[in-house]
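See structure below.
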Number of protein chains: 2
Amino acid sequence: MEYQEGKEKFIQAFGTLGSKWGINRTMAQVHALLLISPGPLCADDIMSELSISRGNANMNLRALIDWGLIYKELKAGERKEFFVAEKDMWKVVRQIMLQRKKRELAPIMEVLSELNEQVQGEGEEVEVLKKSVADMHNFGQSADKAIEKVVNSDENWLFNTFLKMLMK
Amino acid sequence: MEYQEGKEKFIQAFGTLGSKWGINRTMAQVHALLLISPGPLCADDIMSELSISRGNANMNLRALIDWGLIYKELKAGERKEFFVAEKDMWKVVRQIMLQRKKRELAPIMEVLSELNEQVQGEGEEVEVLKKSVADMHNFGQSADKAIEKVVNSDENWLFNTFLKMLMK
DNA sequence: TCTCTCTTTCAATTGTACCTGAAAGTTGTG
DNA sequence: CACAACTTTCAGGTACAATTGAAAGAGAGA
């Protein structure tokens, strides 16, 4: 397979994956493009590689910076901004886990806490609702803790060892 | 808070959560509704509770059965089909992990394997592409193994212990 | 200050996944 | 078989998110 074809397949696959996980297809593609670029790229590079508009490129680059997945880089003597991706896969995954926890786990946990405390009434249907809420709240807390531990495992020899075992 | 309000908030929150994770909003809402229903519901119950059409209800009920998250139940003397949700939170999460692994991890792993084996050529850009592909393939395999282990942890005392520790 | 280059914004457009409802299909019963 | 009770399908419509492109903004150097 030629380089160009491989590159396109990679970017394409990444975009599809992203969209199945609730992440903007283009954002995922920009990320993929930067991941396989040996050097920094500027907005125009990305626009022409992915055939997208200036506005779209700009929006998704900002979003990726916001997620902590790419960095802005300034070249001496150039006005243009360049971008590079974090290429350490473990850091990438860690960053994604943290961001999604913050953006999507946290809000629902708040709703669950509220329901946990405030739903009144009696009867079977109320009990079933309360139990569901409590179970999910519980599970969410466990998940939160597990994510924190995994994300910070570098600092913890014991968990690091267990994690490696888990993945073998 | 009254029961009805709590119920609506629960269903609403679940729907939002689902859509942020690439799961059909309505499917998540139907699931939520069944989770907090003391008894089985039929298609008409769901249509009126969620104000959705017959076709929509049918589609999403089939999908939920397909995911292994709800079951069909027949009542003696009734033609209608009734539905109940699996309410054990751990089984629910397990099922979702397995299904998503099958549906979304597997396809991209195939692309990565293909690229891993078939990308030809030399030069820095080819090397960077190859490295990205290899890293991701690696990570994907680890994730796959970790999911398998977590999902089957009931049978494995050591990992069960570890998991509990991870979540405390 | 003016101009040139690059970045950001946003109203209008486009794209896409989802939903509807009616019609066709299925199945049990008299 | 004919009917009634439900389920499934799907062509067309809707709603929402993503995208465009042009205009406004921002900053550096002459």
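Each chain gets a letter, A, B and so on, in the order its sequence line appears, and its residues count up from 1. Treat the numbers as computed from the prediction; the structure is a model and nothing was measured.
- In this model, the phosphate group of D:dA18 is not approached by any side-chain N or O of A:Arg25 to a distance below 4.0 Å at OP1 or OP2.
- In this model, the phosphate group of C:dC18 is not approached by any side-chain N or O of B:Thr26 to a distance below 4.0 Å at OP1 or OP2.
- We find that CD1 of A:Ile52 is positioned 14 Å from P of C:dT7, with the value rounded to whole Å.
- One atom, CG of B:Asn60, and another, P of D:dT9, lie 14 Å apart when rounded to the nearest Å.
- Nearest heavy atoms, B:Pro40 versus B:Lys75: CG-CE, 4.5 Å.
- Smallest separation of non-hydrogen atoms from B:Leu115 and A:Lys9: CD2-CB, 4.1 Å.
- One can place NZ of A:Lys72 at 6 Å from P of C:dT8, the figure rounded to the nearest angstrom.
- In terms of phosphate contacts, A:Asn56 brings a side-chain nitrogen or oxygen within less than 4.0 Å of OP1 or OP2 of D:dT20.
- Regarding contacts with the backbone of C:dC19, a side-chain N or O of B:Asn24 is found under 4.0 angstrom from either OP1 or OP2.
- Between the CG atom of B:Leu74 and the P atom of D:dA5 there is a distance of 18 Å, given to the nearest Å.
- A:Arg103 has a carboxylate O that lies under 4.0 Å from a charged side-chain N of A:Asp66, or vice versa, which qualifies the two as a salt bridge.
- Where A:Gly55 and A:Arg79 meet DNA chain D, the nucleotide closest to each residue was compared, and A:Gly55 sits on the side nearer the 5' end.
- We find that B:Lys7 and A:Glu125 are not joined by a salt bridge, their nearest charged nitrogen and carboxylate oxygen being 4.0 Å or further apart.
- The distance between atom NZ of B:Lys20 and atom P of D:dC16, rounded to the nearest whole Å, is 15 Å.
- Rounded to whole Å, the distance from CE on A:Met47 to P on D:dT19 is 14 Å.
- One atom, CG of B:Asn58, and another, C1' of C:dG25, lie 12 Å apart when rounded to the nearest Å.
- Rounded to whole Å, atom C1' of D:dT7 lies 8 Å from atom CZ of B:Arg54.
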